[in-house]
Amino acid sequence: MSSKNILSHSCEHLLAYAILNTYPHTLLGTDSKPHHNGFYYEVRLEKQLTTSDLTEIEKEMRRLISLSLNFYHFDLRHKEAISLFSLCKQIYKIEILKDIKSNSVSIYKCGNYFDLCRGPHIKNLNQIKEFKLLNISSSYWKSNKQNAILYRIAGMAFPSINDLNSYLKLLEESKKRDHRNLASSFDLFSASNPLIGAGLNIWLPNGAIIRSVIEDYLKKIHLLNGYNFVYSPHIASIDLWKTSGHWAYYKDSMYPPMCVDKSSYVLKPMNCPFHITAFKAHQHSYRDLPIRLAEFGTVYRYELPGVLHGLLRLRGFTQDDSHIFCEFSQIDLELRNIISLALTILKKFGFCKFEVTISTRPDKYIGTLKQWEIAEDSLKKAILYHNLKYSIDIGNGAFYGPKIDIKLKDSLNRLWQCSTIQLDFINALQFDINFINKHGKLEHPIIIHRALLGSFERFIGILIEEYAGAFPFWLAPEQIRILNISEKHISFSKSIESILKHEGFRVKTFLKNEPLSAKIRNAQTDKIPIVLIIGDKEISEKQVAIRLRNSSHLSMEINSLIAYLKQLE
RNA sequence: GCUGGUGUAGCUCAAUGGUAGAGCAUCUGAUUUGUAAUCAGGAGGUUGCGGGUUCAAAUCCCAUCGCCAGCUCCA
């Protein structure tokens with residue numbers, strides 16, 4: 001354990017000590033998991049705990065620090081430990097002890113507080129220089145919804161006041177990068193309008209440009225990679241979802257049915273049944289496979305209100321979705337190609353760091369164990385082929401098959417699933433789709449579900465935070481801004497604007513009567529990649545002065561400028 | 001959904017039971033500007049929505065909706 005973690009860990013026990021002193025009937029639950037950022041302690045209290053109570057607890061923590069108490073370590077036999085914690089009626093500690101198999105357990109003591117703990121700890125409480133309790137939230141005992149609800153009190157410990165201040169500064173910086181804040185300064189989207197409904201987003205013009213540029217890029221690269229695009233409706237008869245199995249497995253996460261002509265229809269939570277139906281439109285030969293059907297499909301899922309989060313978690317979002325129908329023998333190559341395409345796309349946006357997980361069979365599943373085993377193996381092989389590190393997320397697969405997820409981090413280092421690649425041996429059976437194999441016999445194809453950005457909304461949300469609003473030239477809603485120095489330069493500025501527009505660039509002339517320095521400042525805060533300045537000198541020399549976002553200057557005539565801009569795209 | 005917060009002008013925030021205010025943005029006028037802020041003036045509000053307490057509510061209470069952090073969930 002690093003010294004910082006030891007400090008943090010000790011502070012978390014100080015927190016428990018202070019809570020017990022302040023509220024003697026507190027039941028101690030679990031403390032932070034090893035790699036948690038900061039510390040927390042989960043406790044059960046009769047009293048309702050509010051933020052103002054945190055101040056009281058902090059005060060008690062500081063009082064205990066001022067007593068300069070030492071931590072003492074000793075081992076107890078398992079039995080002795082149980083009777084010790086029974087004596088003070090710490091029922092959750094007894095439950096934890098019951099899960100520990102060894103004969104002796106490690107106990108730490110500090111003042112009249114003792115706790116079950118592996119350690120290590122700092123020697124003396126006075127080594128804790130700075131800390132801050134951050135929030136109260138609820139959590140379930142053993143993270144299980146069926147169990148009792150505990151309070152989770154979270155905080156951070158710091159070796160010095162400077163560390164505390166730089167942490168607060170970091171939070172401040174992250175807040176500035178937050179896509180929800182940048183959205184209002186740059187008019188990107190509106191994802192929180194109560195009149196429209198929670199979790200439903202409107203792309204404002206600037207955000208819409210970014211999205212459509214990305215769509216164009218994706219469309220092109222998918223066509224190059226052998227995909228064909230289809231379009232499907234936003235609602236479908238409930239029978240479709242009964243056939244696919246979604247109704248049975250995910251009814252609670254779907255928007256409730258609406259009645260049309262005495263039939264029930266639901267909003268689509270996924271695109272796959274449509275693509276499967278599209279595959280079924282023709283009789284296929286093994287020679288046609290793989291068939292790759294793609295769609296930027298908007299789906300609607302009922303997410304719990306508490307989980308909605310800007311663009312990163314919505315109830316309506318558009319996936320860059322695709323379903324690949326192939327033979328069993330084609331799986332490995334397809335998976336490799338999909339991962340390779342995913343990596344190409346992520347790289348295009350500058351993402352080199354991400355986390356890869358394989359999610360395995362969940363409790364509720366369809367298909368046979370043998371099928372799941374083969375599917376999980378294929379996924380591992382494909383990841384290893386690309387030399388990617390991965391972790392296993394046990395039981396988190398879709399009901400119809402295991403999956404590979406690629407996760408990206410937001411500005412607060414929270415992970416969000418973006419790319420997902422799912423193997424499915426089952427839906428071909430449910431929908432009874434098939435192709436004619438080499439031997440002239442009907443055979444069910446394998447279906448691979450995949451989305452590479454995941455959703456445009458989530459991906460662009462992460463992208464906004466990654467770039468902190470300073471989009472690269474090819475994505476910037478306003479790529480070029482032309483600033484005239486005075487009124488007599490307007491017509492030349494307009495003619496440059498027109499030339500650049502005809503070349504396909506997103507360009508605006510900013511004609512307001514302001515000093516140049518003010519216009520430059522605006523362009524800089526608007527994070528415009530290229531600023532052109534037009535004055536007497538430019539007109540007489542038939543050149544433009546260029547200011548880049550990093551404040552460096554260039555000067556060139558219009559044809560060279562066009563060539564220069566083209567190579568930026 | 002759970003726990004704790006929070007909601008005031010387009011944005012960021014102030015006003016602790018007694019006349020809703022500032023900065024930025026916007027609009028108007030003057031200024032005609034050479035690489036991060038020219039000056040002056042105007043407009044902008046059912047304090048999320050609905051109840052209640054009070055002579056009086058942005059402020060206190062209840063309910064509801066949205067948002068934030070964390071938990072649970074995430075096909």
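Below, read A as the first sequence line, B as the second, and so on, with proteins coming before strands; counting in each chain starts at 1.
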Asker: Classify the nucleic acid contact of A:Leu483 as base, sugar-phosphate or nothing, counting any heavy atom under 4.0 Å across all strands shown.
Answerer: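 Answer is nothing: A:Leu483 stays at 4.0 Å or more from every strand.
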
Asker: Can you say whether the rings of A:Phe296 and A:Phe456 are parallel (under 30°), tilted (30 to 60°) or perpendicular (over 60°)?
Answerer: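 Ring orientation of A:Phe296 relative to A:Phe456: perpendicular.
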
Asker: What is the distance from atom CD1 of A:Ile448 to atom CZ of A:Phe425, rounded to the nearest 0.5 Å?
Answerer: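 Going from the CD1 atom of A:Ile448 to the CZ atom of A:Phe425 covers 8.5 Å.
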
Asker: What's the gap between B:rA14 and B:rU8 when it is taken at their P atoms, as a whole Å value?
Answerer: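 10 Å, rounded to whole Å.
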
Asker: Taking atom C1' in both B:rC2 and B:rU72, what distance in whole Å separates the two?
Answerer: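 The answer is 8 Å between these two C1' atoms.
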
Asker: Describe the nucleic acid contact of A:Ser139 in one word from base, sugar-phosphate, nothing, applying a heavy-atom distance below 4.0 Å.
Answerer: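 Touches sugar-phosphate only.
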
Asker: What distance, rounded to whole Å, do you find between the two C1' atoms, one in B:rG1 and one in B:rA37?
Answerer: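 Here B:rG1 and B:rA37 have their C1' atoms 48 Å from each other.
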
Asker: Name the pairing partner of B:rA43, where a pair is Watson-Crick or G-U wobble with both distances under 3.5 Å, or state none.
Answerer: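 Check on B:rA43: unpaired, no WC or wobble geometry under 3.5 Å.
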
Asker: From the 5' end of RNA chain B to its 3' end, which nucleotides mark the outer limits of contact with chain A, defined by a 4.0 Å heavy-atom distance cut-off (strictly under)?
Answerer: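 In short, chain A contacts RNA chain B from B:rG1 to B:rA75.
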
Asker: Ring of A:Phe354, cation from A:Lys407 - is the NZ or CZ under 6.0 Å from the centre and inside 45° of the axis?
Answerer: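 Not satisfied by the 6.0 Å and 45° rule.
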
Asker: Centre-to-centre under 6.0 Å for A:Tyr400 and A:His449, is that the case here?
Answerer: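 For A:Tyr400 and A:His449, the ring centres are under 6.0 Å apart.
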
Asker: So what does A:Asn513 hit on the nucleic acid, given a heavy-atom distance under 4.0 Å: a base, only sugar-phosphate, or nothing?
Answerer: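 Base contact - A:Asn513 has a heavy atom under 4.0 Å of at least one base atom.
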
Asker: For the pair A:Tyr41 and A:His13, name the ring-plane relationship: parallel under 30°, tilted 30 to 60°, perpendicular over 60°.
Answerer: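 A:Tyr41 and A:His13: perpendicular rings.
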
Asker: Want to settle it: does A:Glu487 or A:Asn135 sit nearer the 5' end of RNA chain B, counting the closest nucleotide to each?
Answerer: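 Looking at RNA chain B, the more 5' nearest nucleotide goes with A:Glu487.
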
Asker: Base, sugar-phosphate, or nothing for A:His309, non-hydrogen atoms under 4.0 angstrom?
Answerer: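 Counting heavy atoms under 4.0 Å across all strands, the contact made by A:His309 is with sugar-phosphate only.
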
Asker: Hey, is A:Glu56 close enough to A:Lys59 for a salt bridge, meaning N to O under 4.0 Å?
Answerer: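 Here A:Glu56 pairs with A:Lys59 in a salt bridge, since their nearest N and O are under 4.0 Å apart.
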
Asker: Measuring only the C1' atom in each nucleotide, how far is B:rC39 from B:rU32? A whole number of Å is fine.
Answerer: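 Here B:rC39 and B:rU32 have their C1' atoms 14 Å from each other.
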
Asker: Counting the atoms with a prime plus P, OP1 and OP2 as sugar-phosphate, which does A:Leu49 contact under 4.0 Å by heavy atoms, base, sugar-phosphate, or nothing?
Answerer: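 Touches sugar-phosphate only.
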
Asker: On RNA chain B, check which nucleotide each of A:Leu150 and A:Gly535 is closest to and give me the residue with the more 5' one.
Answerer: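 Comparing both residues, the 5'-ward one is A:Leu150.
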
Asker: Rounding to the closest angstrom, what is the interatomic distance between B:rC71 and B:rA56 at atom P?
Answerer: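 Going atom to atom, P in each nucleotide, I get 46 Å.
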
Asker: Distance between the C1' atoms of B:rA75 and B:rC62, in whole angstroms?
Answerer: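 Going atom to atom, C1' in each nucleotide, I get 40 Å.
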
Asker: Can you tell me, in whole Å, how much space there is between the C1' of B:rC67 and that of B:rC11?
Answerer: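 That atom pair is separated by 16 Å.
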
Asker: Under 4.0 angstrom, heavy atoms only, what part of the nucleic acid is A:Tyr40 near: base, sugar-phosphate, or nothing?
Answerer: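 It contacts nothing in the nucleic acid.
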
Asker: Within the structure shown, what part of the strands sits under 4.0 Å from A:Ala523 by heavy-atom distance: base, sugar-phosphate, or nothing?
Answerer: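 No contact.
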
Asker: Please confirm whether A:Tyr250 and A:Phe399 have ring centers closer than 6.0 angstrom.
Answerer: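 Yes: the rings meet the under 6.0 Å criterion.
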
Asker: Taking a pair as Watson-Crick or G-U wobble with both distances under 3.5 Å, which nucleotide is matched to B:rU6?
Answerer: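 Check on B:rU6: paired to B:rG66, both distances under 3.5 Å.
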
Asker: Going by the angle between their ring planes, with limits at 30° and 60°, are A:Tyr300 and A:His234 parallel, tilted or perpendicular?
Answerer: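 Aromatic pair A:Tyr300/A:His234 classed tilted.
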
Asker: Categorize A:Asn522 for me: base, sugar-phosphate, or nothing, with a 4.0 angstrom heavy-atom threshold over every strand shown.
Answerer: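 Here A:Asn522 touches no strand at all.
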
Asker: What is the base-pairing partner of B:rA22, counting Watson-Crick and G-U wobble geometry with both distances under 3.5 Å?
Answerer: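 Check on B:rA22: paired to B:rU12, both distances under 3.5 Å.
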
Asker: Could you tell me whether A:Ala154 contacts a base, only the sugar-phosphate backbone, or nothing, with contacts defined as non-hydrogen atoms closer than 4.0 Å?
Answerer: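 Since no nucleic acid heavy atom lies under 4.0 Å of A:Ala154, the category is nothing.
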
Asker: Contact class for A:Gln422 (heavy atom, under 4.0 Å): base, sugar-phosphate, or nothing?
Answerer: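 It contacts sugar-phosphate atoms only.
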
Asker: What nucleic acid atoms does A:Lys512 come within less than 4.0 Å of, heavy atoms only: base, sugar-phosphate, or nothing?
Answerer: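 Here A:Lys512 touches the backbone only, sparing every base.
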
Asker: Tell me which nucleotide, if any, is Watson-Crick or G-U wobble paired with B:rA56 when both distances must be under 3.5 Å.
Answerer: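 Result: none.
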
Asker: Indicate, with a heavy-atom threshold strictly under 4.0 Å, whether A:Lys537 touches base, sugar-phosphate, or nothing.
Answerer: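 If one applies the 4.0 Å heavy-atom cut-off, A:Lys537 turns out to touch a base.
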
Asker: Report which part of the nucleic acid A:Arg180 touches: base, sugar-phosphate, or nothing (heavy-atom distance under 4.0 Å, all strands).
Answerer: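 If one applies the 4.0 Å heavy-atom cut-off, A:Arg180 turns out to touch the sugar-phosphate alone, with no base involved.
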
Asker: With side chains defined as the heavy atoms from C-beta onward, is the minimum distance between A:Lys527 and A:Phe186 less than 4.5 Å?
Answerer: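 Counting from C-beta outward, A:Lys527 and A:Phe186 do come under 4.5 Å.
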
Asker: Write down the distance separating the C1' atoms in B:rA20 and B:rC27, rounded off to the nearest Å.
Answerer: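 23 Å, rounded to whole Å.
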
Asker: Answer with base, sugar-phosphate or nothing: what part of the nucleic acid does A:Arg547 contact at a heavy-atom distance below 4.0 Å?
Answerer: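 Counting heavy atoms under 4.0 Å across all strands, the contact made by A:Arg547 includes a base.
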
